[in-house]
Amino acid sequence: MLEVTGLRVAYGGIQAVRGISFHVNQGEMVALIGANGAGKTSTLKALSRLLDAAGGSVRYCGKEVAKLAPHQLIAEGIALVPEGRGVFPRMSIVENLLMGAYCRNDTQGIASDIEHVFSLFPRLEERAQQLAGTLSGGEQQMLAIGRALMSRPKLLLLDEPSMGLAPLMVQKIFEVVCSVAREGMTVLLVEQNAKLALEVSQRGYVMESGEITLTDDADKLLANPKVREAYLGE
Ligand code: ATP
């Protein structure tokens with residue numbers, strides 16, 4: 001579904017992503033793991049066109065999308081849940097969800113998708129009219145995922161959904177991500193929590209200093225001594 005070849009991202013003279021190549025098959029959950037500053041967020045930002053890549057190709061469903069605008073990517077079925085969530089703090093939960101559907105005009109479909117998001121995250125329904133800025137970090141993460149789902153994506157790009165959250169909240173959020181994946185969503189999951197990411201993914205890529213240094217089935221990466229030592233704290 002997604003084929004990235006030779007992707008490069010630079011900030012001035014700093015090469016954050018140095019020509020990486022990877023792919024995600026339809027229906028897969030794939031983890032991109034790595035330490036702080038490895039270039040994971042820059043990769044997702046380039047894929048979702050929040051910043052311009054310095055080079056490389058991004059093919060999605062057989063089509064080159066490296067130069068499309070962000071709103072065109074949403075229409076193609078690619079949605080990003082950004083690092084730090086990026087909810088609109090002065091808008092209510094419902095208004096945030098509607099923002100996720102801004103490229104749609106099927107009123108009934110939008111209403112039923114809001115119900116679907118509420119069924120995934122009942123906490124959001126209980127607080128439907130609450131301003132997003134007053135939600136807890138975990139609730140904001142639920143809202144950011146719900147908002148992304150409102151565009152009816154085929155490919156979900158998730159940037160560090162576990163960041164800064166208590167273990168119980170992380171568990172809840174990952175349960176929903178896994179259930180969405182089981183329903184057929186393709187997911188590219190960026191995580192610093194390598195153990196968690198590899199446990200829920202089928203395959204993984206390890207990123208170090210802007211390069212992909214290792215790739216394998218997730219269970220093999222979990223058993224790999226190098227990965228265990230560097231990323232699982234063993
Ligand atoms: P983290 O898990 O900490 O978010 P990451 O793997 O997502 O790390 P990036 O955020 O992509 O890594 O950062 C990769 C490199 O690019 C780092 O060296 C970082 O300092 C640099 N970088 C990121 N954003 C910018 C920016 N806006 N301007 C300059 N350098 C940047």
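This structure is a prediction, so every number in the text was calculated from the model and none was measured. Whatever order the structure lists ligands and atoms in, that order sets their numbers, starting from 1.
- Pairing each heavy atom of L44 with each of D159, the nearest pair is CD1-CB, 3.6 Å.
- Counted within 6.0 Å of CD on Q26, heavy atoms from surrounding residues, nucleotides or ligands total 12 or fewer; the atom is thus considered open.
- Protein residues are said to neighbour a ligand when one of their heavy atoms lies under 4.0 Å from it; for ligand 1 these are Y11, A16, A35, N36, G37, A38, G39, K40, T41, S42, E83, E160, Q192.
- At distances below 3.5 Å, not a single donor-acceptor pair connects side-chain atoms of S201 with backbone N or O atoms of L198.
- Of all heavy-atom pairs between M142 and I173, the closest is CG-CG1, 4.1 Å.
- Ion pairing of K63 with E76 is present here, as a side-chain N (NZ or NE/NH1/NH2) and a carboxylate O approach within less than 4.0 Å.
- In this structure, E183 places its CD atom where more than 12 heavy-atom neighbours from other residues, nucleotides or ligands lie under 6.0 Å away.
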